[in-house]
Amino acid sequence: MSNFKSLLEAALRGQENHVCDLYVTVSQTAMKKIEAVWGISSAKKVCYFSAEFLVGRVVYSNLQALGVLEDMREVFRKYGLDANLFEDVEDAALGNGGLGRLAACFLDSAATMGLRMDGYGIRYRYGLFKQHFHEGFQRETADDWTRFGDPWSIRREKERIQINFGDQSVWAIPYDMPVIGYGGKTVNTLRLWQSEPMNGFNFSEFDEHTYNDSYAVRNAAEAISGVLYPNDDTDEGKRLRLKQQYFFASASLQSMLREYRAVNGSDYSKFSERYAIQLNDTHPTVAIPEFLRLLMEDGVSFEDAFSIALHTFAYTNHTVMAEALEKWDVSLFCFVAPAVYPYVVMIQNKLTQDLHNRGINGADQMPYYIVDPDQRIHMTRMAVYATHSTNGVAALHTEILKHDVLKEWHALYPERFSNKTNGITQRRWLSLCNPKLAGFITERIGDGWITDLDQLERLRDYERDHDALWELADIKRHNKLCLAEYVCSREHGVKLNPDSIFDIQVKRLHEYKRQLLNAFSILDIYFQLKDGCLSDFYPMTFLFGAKAAPGYRRAKAIIKVINEVAELVNRDSAVMDTLKVVFVQNYNVSYAEKLIPAADISEQISPAGTEASGTGNMKFMLNGAVTLGTYDGANVEIAQQAGHESNYIFGSRVEQIREIKDSYHPRGLYEASPGIRRVLDTLIDGTLNDNGTGLFRELFDSLLHGHNPDQYYLLLDFESYMATKLQANRDYRDRLEFSRKCLHNTSSAGIFSSDRTIREYAADIWHL
Ligand code: 26W
């Protein structure tokens, strides 16, 4: 019997069978297995700085990595316990969406590849809010993610760091989580900082006054790591947000410098040979001036410190949306981190000099200002100027950075720019979440794909093998049944038909992601079915999952629209067996693991040039869904890899949108097309009910009236979207041919492993 099994059995004997206790017992038993290897490497270390790590549920993935997941299941069976019990354990939802989940996939890949890469972030007391619907509207509640304990974290009291803000000082206490590479040979660290007061309660001078004072101080300190900002698209300009950024950036740097000095003393000349820092978007960019401060206070000159920073730091951009490019008012910045501002000014002065040396003066310097004349600090510009590398996250996105969003910078430093197309870890997004498909693959090509996804190409041999294709279709049906069961339990008895086409759109709710366009297409199908003019329509189930930022009015209105469309469609007996719409509540990583393996069609429908990359698109592809998508983000590369014959690509291209932009007139399309009119009018003619809030009228107006109507081109792409969606529906009838398309997507997905992405970062940016 394996060591793990006997340890676990010993621990289980005489123990209460409560989820909470079992979770702690299993986790601690597994933790014993890694003690000897955790953090032993002395190679150059990559420090991945990120305000978000959306790791999800870690118990199953960690046991899988250690090779003891099956052992655990066996022991549980023997003791009459259900291994699925841990599905009650909360996700660690310390991130909003794509950016945070990418960070989690990167950690998994680096550890699996034996690279030394540690994550540095914030241990939020509450992660992304939990969502439920009340009368079709989103409601939010707090996410108490450590409810069952946090047995995977180690609090390292002795390694605490002092952080000084303008108005308060706090301790940053590190909580280290092991990042276990597949096979268990490499164990890296995710270090999350928790803020705590410098002095606890002062009981010796206990009177009501001091008690209340120290209570307030404690609250103010704990507030810094209190909650994840649920915003994934706008810079809210909140003081607390900047405090969070400075908090974890400074703590991470100080702990790295402590580590470095223990070996090298205050000679920093080797620093960039020992450490690389990757900035996950601009959120940790205040680390750059803070790094200068820490070095210069230890006697390093500005020129030397800047040069070390330049060689150490690299920056990844994750969005082209103007509202998400962070800028901070100087006054706010000085309130939060007064000691750091002088170093921002030094960077600005060096920039001015560099520009002057290149003959760029006066007004021509404007687009470069880090501190602009309106006294705002542009974090993106600082991140490009003071690092040796700026990368985009998909080929198209990087082109847009180079020739549009950051074109001035690209003109100055073309050698700094590169593309690193995103990826996903096949350990979670195939091996763990889709065991049937994983088994199908391993039976045919062995299990090498788990650490070398390119091997999936060998599945091409089976694309003409009818037995294999039928088996694949069966696996999909099985996954749909599992999902149906799960949805039924979670969504108050909602029933799904596993013999219908599952068309799924899951991602954050945002206007640019065009969930509303999907809703309109469903309405159009509904009306056509009612009119009897859609012959041979194959039954379809449309699934949505998405959270809207709590302050994002229109996004919340769109959730209500979709829930209203679901009401309308699902209660109409005329389409009962043909059409079903479900918006699942509280979409998160664990829900994704159920939804994605059950999808036939993956909806990726943002207008060209808006979605930086997307990573959900890759997860669906890997699990054998066809993409119904636009020429946007990584969809372009997906279609390139798997071919247009196996996917459904539609809509305007970037160049086409750029051309018509200034003369775009959605009103004309509305008036010319009875189909479009019928669908849009449901927002205002009483077909859909917004409970008297006026929200649907606002949405309607945003599409047709005002100064920039329909800024995400729903009407422009509507016809080609409908035509393509209906084509997919017709094609589905040829089950064998459709199954072949699915297999071809899986077999072409190798390049979208985050192992490949990390290999590229390691070679081109980190020089490992
Ligand atoms: C300042 C507030 C804020 C917070 C988060 C602004 C912007 C963000 C992120 C850039 C949002 C995000 O998650 N971006 C996504 O990053 C993914 C990983 O690269 C991409 O796949 C998605 O296309 C991109 O939207």
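Both ligands and their constituent atoms are indexed starting at 1 by order of listing.
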Side chain, backbone, both or neither: Val393 near ligand 1, heavy atoms under 4.0 Å: side chain

Could you measure the distance from the CG atom of Leu190 to the CZ atom of Arg123? Nearest 0.5 Å is fine. 11.0 Å

Mind checking whether Gly97 has an N or O less than 3.5 Å away from an N or O of ligand 1? no

Show which atoms of ligand 1 fall inside a sub-4.0 Å distance from at least one heavy-atom site of Ala324. 6 (C), 7 (C)

In terms of atom number and element, which parts of ligand 1 are under 4.0 angstrom from non-hydrogen atoms of Thr319? 10 (C)

Lys/Arg-Asp/Glu bridge criterion (N-O < 4.0 Å) met for Lys420, Glu760: no

At under 4.0 Å between heavy atoms, which part of Asn231 makes contact with ligand 1: side chain, backbone, both or neither? backbone

Contact between ligand 1 and Arg241 is defined here as a heavy atom of the residue under 4.0 Å from a ligand atom; is it met? yes

In terms of relative ring orientation, are Tyr385 and Tyr413 parallel, tilted or perpendicular, with 30° and 60° separating the classes? tilted

Those atoms of ligand 1 less than 4.0 Å from some heavy atom in Ala612: 23 (O)

Give the atoms of ligand 1, by number and element, whose distance to some non-hydrogen atom of Gly614 is under 4.0 Å. 20 (C), 21 (O), 22 (C), 23 (O)

Of Met379, Gln245, Glu611, which has the heavy atom at the shortest distance from atom 25 (O) of ligand 1? Glu611

Assess Arg191 against Trp193: is NZ or CZ under 6.0 Å from the centre of the six-membered ring, and within 45 degrees of the ring's axis? yes

Heavy-atom nearest pair, Leu94 first then Leu228, reads C-CD2, 4.1 Å

For ligand 1, which atoms sit closer than 4.0 Å to a heavy atom of Tyr512? 25 (O)

Checking the N or O distance criterion of under 3.5 Å, is ligand 1 in contact with Glu326? no

Taking both backbone and side-chain atoms of His318, is any N or O found less than 3.5 Å from an N or O belonging to ligand 1? yes

If you count the atoms of ligand 1 from 1 in the order shown, which ones are under 4.0 Å from a heavy atom of Asp281? 10 (C)

Examine the proximity of ligand 1 to Asn422 and report which part, side chain or backbone, both or neither, has a heavy atom under 4.0 Å away. side chain

Take the angle between the ring planes of Phe49 and Phe313 and call it parallel below 30°, perpendicular above 60°, tilted in between. perpendicular

Just heavy atoms, cut-off under 4.0 Å: does His283 contact ligand 1 by side chain, backbone, both, or neither? side chain

Determine the interplanar angle of the His510 and Tyr552 rings, folded into 0 to 90°, and report it as parallel if under 30°, tilted if 30 to 60°, perpendicular if over 60°. perpendicular

For a quick test of reading the model, state the closest non-hydrogen atom pair linking Val227 to Gln244 and the distance between them. O-NE2, 3.0 Å

Ring-plane angle category for Tyr587 and Tyr591, please: parallel below 30°, perpendicular beyond 60°, tilted otherwise. tilted

Asn391 and Asn317: side-chain donor and acceptor closer than 3.5 Å? no

